[in-house]
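Each chain gets a letter, A, B and so on, in the order its sequence line appears, and its residues count up from 1.
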Amino acid sequence: MARMKFLCDAERCIECNGCVTACKNEHEVPWGVNRRRVVTINDGVPGERSMSVACMHCSDAPCIAVCPTNVIYQTEEGVVLHDKDGCIGCGYCFYACPFGAPQFPNGPAAFGARGKMDKCTFCAGGPEENGSQAEFDKYGRNRLAEGKLPLCAEMCSTKALLAGDATELSDIFRERVLRRGKGVEAWGWMTAYGKDKEEAK
Amino acid sequence: MKTRIRYMLAASLAASLLAGCGEQPQVAKYEDGKYSGKADTRPWEAGAFKGDKGAWEQAMRNRVRGQNEYKRVE
């Protein structure tokens with residue numbers, strides 16, 4: 001079976017924050033929580049790079065290892081989900097996650113205001129009946145059960161953010177890299193400005 | 001009496017000195033937790049796919065391939 005992953009192509013991401021907005025809107029994410037964020041390195045400097053980051057649905061997820069109530073689990077497809085009913089809001093997962101994926105509503109406050117942890121679900125809902133109102137209220141829409149991929153990736157205008165089976169994503173990325181070349185030939189600077197980075201400074 | 005005390009002192013001193021030789025591994029043993037939340041239904045089990053895993057996998061494959069614009073423009 002597929003192993004679901006996100007892949008963000010830093011050569012293509014234009015920091016439009018469309019993925020962030022799509023996620024917020026699709027799941028009616030609580031105030032103070034961003035399941036997905038765009039991180040920019042060297043912002044404003046020629047050659048800056050942006051990367052859309054959410055839960056990476058780790059194969060060996062540290063959040064699962066540290067959860068004292070054992071309510072975080074991994075589905076057959078490799079999606080890391082949690083049961084909000086059993087969450088005690090301790091925040092261990094927040095400290096364990098290297099990507100800051102688990103977040104707590106009603107923030108910002110010292111150590112967060114806690115409450116039930118919220119995180120990216122890979123648009124796979126949670127442990128409630130697929131497509132039910134209870135599932136939507138707690139976890140957001142279950143697009144996977146509708147045969148669709150996460151909205152953040154599907155609506156990405158430059159297709160920088162890809163989602164789906166890891167092997168298929170690798171094939172897409174490999175083909176992309178082979179076609180565009182590397183360095184200044186890569187999709188990005190040369191395509192946008194038509195001259196070398198050094199000349200443009 | 002004095003000899004006995006001396007022997008006891010020597011024995012306790014030897015025991016405390018040798019205590020370091022019986023070092024036990026002190027690495028914490030991690031025990032895997034077992035998921036204790038509610039059981040989840042799999043994506044193909046309810047809704048549009050009605051338990052047809054093959055159809056769901058095909059739908060997902062089509063969606064993933066739809067992300068490859070090189071294939072889309074062919």
> Is a donor on one side and an acceptor on the other found under 3.5 Å between the side chain of Trp56(B) and the backbone of Leu144(A)?
Replying inline: yes
> Does the side chain of Leu149(A) come within less than 4.5 Å of Met60(B)'s, by heavy atoms?
Replying inline: yes
> Which pairs count as salt bridge (charged side-chain N to carboxylate O under 4.0 Å, His left out) when at least one residue sits in residues 30-39 of chain A, sequence neighbours excluded?
Replying inline: Arg35(A)-Asp118(A)
> Heavy-atom distance under 4.5 Å to chain A: side chain of Lys34(B), backbone, both or neither?
Replying inline: backbone
> Can you check side chain to side chain contact (heavy atoms under 4.5 Å, CB included) on Lys159(A) and Arg72(B), steps first, answer last?
Replying inline: CA-CA 12 Å; Lys159(A) 284 284 162 276; Arg72(B) 284 169 70 177; 4.2 Å; yes
> Side chains of Lys53(B) and Glu76(A): does their closest heavy-atom pair fall under 4.5 Å?
Replying inline: yes
> Of the non-hydrogen atoms in Asp85(A) and Lys38(B), which two are nearest, and what is the gap between them?
Replying inline: OD2-NZ, 2.7 Å
>> Tell me if a side-chain donor or acceptor on Asn130(A) pairs with a main-chain N or O of Arg42(B) at a distance below 3.5 Å.
In response: yes
>> Can you tell me which portion of Glu128(A) sits under 4.5 Å from chain B's heavy atoms? Options are side chain, backbone, both or neither.
In response: both
>> So, using ring-ring contact (aromatic ring centres under 6.0 Å, His included) as the criterion, who are the partners of Tyr35(B) when residues are at least two apart?
In response: Tyr73(A)
> Any side-chain heavy-atom pair from Gln67(B) and Glu168(A) closer than 4.5 angstrom?
Replying inline: no
> Are the charged groups of Arg61(B) and Asp165(A) less than 4.0 angstrom apart, N to O?
Replying inline: no
> Relative to Tyr70(B), does Arg179(A) satisfy both conditions: NZ or CZ under 6.0 angstrom from the six-membered ring centre, and within 45 degrees of the ring's axis?
Replying inline: yes
>> Testing the basics here: between Phe49(B) and Glu146(A), what is the closest heavy-atom pair and its distance to 0.1 Å?
In response: CE1-C, 3.7 Å
> Once you round to the nearest 0.5 Å, how far does CD of Glu69(B) lie from CD1 of Ile172(A)?
Replying inline: 8.5 Å
> For the atom pair NZ (Lys148(A)) and CG (Asn62(B)), what is the distance rounded to the nearest 0.5 Å?
Replying inline: 14.5 Å
> Taking Thr41(B) for the side chain and Glu129(A) for the main chain, is one N or O donor matched with an acceptor at less than 3.5 Å?
Replying inline: no
>> If we define contacts as heavy-atom pairs under 4.5 Å, which of Pro68(A), Gly147(A), Gly86(A) has the most with chain B?
In response: Gly147(A)
> Okay, side chain of Ser36(B), backbone of Val71(A): is any donor-acceptor separation there less than 3.5 Å?
Replying inline: no
>> For a quick check under 3.5 Å, do Asn68(B) and Glu175(A) share a side-chain donor-acceptor pair by atom type?
In response: yes
